[in-house]
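Each remark here refers to the structure printed beneath this line.
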Amino acid sequence: MSFLFNDLDKVSEKASYYLERTKIIQSNIANADTPNYKPKDLVFEKVLNEQIKLKKTDPKHISPEIKNETKLKVVEDGYYSGYDKNKVDVDHELAKLAESSIMYKTLIEIMKKDFGRLKYAIKGR
């Protein structure tokens, strides 16, 4: 029975990531006028570890640490600095917000369809 929910877990985990990322981006936009504010972003450490596949070519090399658990990490973002040393670029944040919102809504639609198929299978119509 657990095989039915393997993909659902992955989709749910990604939806949670985009929901949290959306909240952080909204906070960045809300603080666009706060002096010395540094915008933040949320990253997947697991995704980063998987994308950085280091090859061990010598036994003396240290093996890359691959964690099985997914951790979300808040990192400082931003490169624009105005007169008040605020690094929020509203246009950049709005673009990230649109991307994150679209991804979240898409993943929720995928979950809805998965539950609909499961419901259809249970009812046997």
As an exercise, state the distance from OG1 of T106 to CD1 of I110, rounded to the nearest 0.5 Å. 6.5 Å

Measuring from I25:CD1 to H92:NE2, what's the distance to the nearest 0.5 Å? 8.5 Å

Atom pair OG/NZ of S100 and K105 - distance to nearest 0.5 Å: 10.5 Å

Distance col, row I24:CD1 vs L19:CG, nearest 0.5 angstrom, shows 10.0 Å

N86 vs D33, side-chain contact (heavy atoms from CB on, under 4.5 Å): CA-CA, chis, key distance, verdict: CA-CA 7 Å; N86 181 309; D33 294 330; 5.8 Å; no

Please test E109 against K112 for salt bridge (Lys or Arg N to Asp or Glu O under 4.0 Å), starting from the C-alpha separation and ending with a verdict. CA-CA 5 Å; E109 286 300 317; K112 282 173 140 179; 3.5 Å; yes

Grouping I, L, V, M, F, W and Y whenever their side-chain heavy atoms are under 4.5 Å apart, do F115 and L107 come out in a common cluster? yes

When clusters are formed by joining ILVMFWY residues with side-chain heavy atoms under 4.5 Å apart, either directly or through shared neighbours, do L8 and Y18 land in the same one? yes

Between Y37 and N28: side-chain donor-acceptor atoms closer than 3.5 Å: yes

Go through it in stages, so that I can follow the logic: the residues are M103 and K14, the test is side-chain contact (heavy atoms from CB on, under 4.5 Å), and I'd like the CA-CA distance, side-chain angles, deciding distance and then a yes or no. CA-CA 9 Å; M103 290 301 295; K14 288 179 183 174; over 6 Å; no

Count the heavy atoms of every other residue, nucleotide or ligand shown that sit under 6.0 Å from NZ of K40, and state whether that count exceeds 12. yes

Where is the tightest heavy-atom contact between T22 and L97, given as atom of each residue plus distance? CG2-CD1, 3.6 Å

Presence of salt bridge, K23 and E20, under 4.0 angstrom: yes

Measuring from atom CD of E93 to atom CD of Q26, what distance do you get when rounded to the nearest 0.5 angstrom? 11.0 Å

Minimum heavy-atom separation for L42 to Y17, with atom names? O-OH, 3.0 Å

